[in-house]
> 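Could you have a look at this structure, given as structure tokens, before my questions?
Scope of the values below: all heavy atoms of this structure, side chains included, with no hydrogens, waters or symmetry mates.
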Amino acid sequence: MDKSMIGDLDSLPEEDKLRMATMIDQLQIRDSLRMYNSLVERCFTDCVDTFKHKSLQKQEETCVRRCAEKFLKHSMRVGMRFAELNQGAATQD
């Protein structure tokens, strides 16, 4: 983040800071829910083949577990890469 933007946020009245913090929290919750919903939809579509039983079969359960692990590892890697790029951009200023 640009240092001048941080300075601008510090100069905001407390009410506006609180409003900004609330907005950021809501955006983070929304993004987390989107990621979770995407994970569930993708892994369910890829792994669940039949509805003959009310619980997952062993192979479906294994598939869902692997799918979720891959998805989360990918998301963490993308987040780390984004942070690296952000940090690189911040040091160039």
> How long is the gap from CG on Leu18 to CG on Leu12, to the nearest 0.5 Å?
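Output value for this atom pair is 11.5 Å.
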> For the side chain of Ser38 and the backbone of Arg34, is there at least one donor-acceptor N/O pair under 3.5 Å apart?
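No; judged by distance alone, with no hydrogens or angles, the pair does not exist.
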> Does a side-chain heavy-atom distance below 4.5 Å link Lys73 with Arg77?
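Counting from C-beta outward, Lys73 and Arg77 never come under 4.5 Å.
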> Phe71 and side chain to side chain contact (heavy atoms under 4.5 Å, CB included): which partner among Met76, Met35, Arg66?
Met35
> Please test Arg81 against Leu85 for side-chain contact (heavy atoms from CB on, under 4.5 Å), starting from the C-alpha separation and ending with a verdict.
CA-CA 6 Å; Arg81 183 69 177 132; Leu85 292 172; 3.8 Å; yes
> Working to the nearest 0.5 angstrom, can you tell me the gap between Asp25 CG and Arg30 CZ?
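Rounded to the nearest 0.5 Å, the CG-CZ separation comes out at 13.0 Å.
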> Rounded to the nearest 0.5 Å, how far does CD1 of Ile24 lie from CD1 of Ile29?
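Result: 12.5 Å between the selected atoms.
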> Do the cysteine sulfurs of Cys67 and Cys43 sit under 2.5 angstrom from one another?
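Yes, disulfide present: SG-SG under 2.5 Å.
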> Can you tell me how far CG of Asp46 sits from CD of Glu41, rounded to the nearest 0.5 angstrom?
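Here the rounded value is 10.0 Å.
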> As a test of understanding, state which of Gln57, Arg65, Gln59 forms a side-chain hydrogen bond (donor to acceptor under 3.5 Å, both in side chains) with Glu61.
Arg65
> So does Gln87 have more than 12 non-hydrogen atoms from other groups sitting under 6.0 Å from CD?
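Check fails, neighbour count at 12 or below.
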> If you take all heavy atoms of Asp49 and Glu60, which pair is closest and at what distance?
N-OE2, 3.1 Å
> When rounded to the nearest 0.5 angstrom, what distance separates CG in Leu39 from NZ in Lys70?
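One gets 13.0 Å once the value is rounded to the nearest 0.5 Å.
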> Rounded to the nearest 0.5 Å, what separation is found between the CZ atom of Arg42 and the OG1 atom of Thr45?
9.5 Å
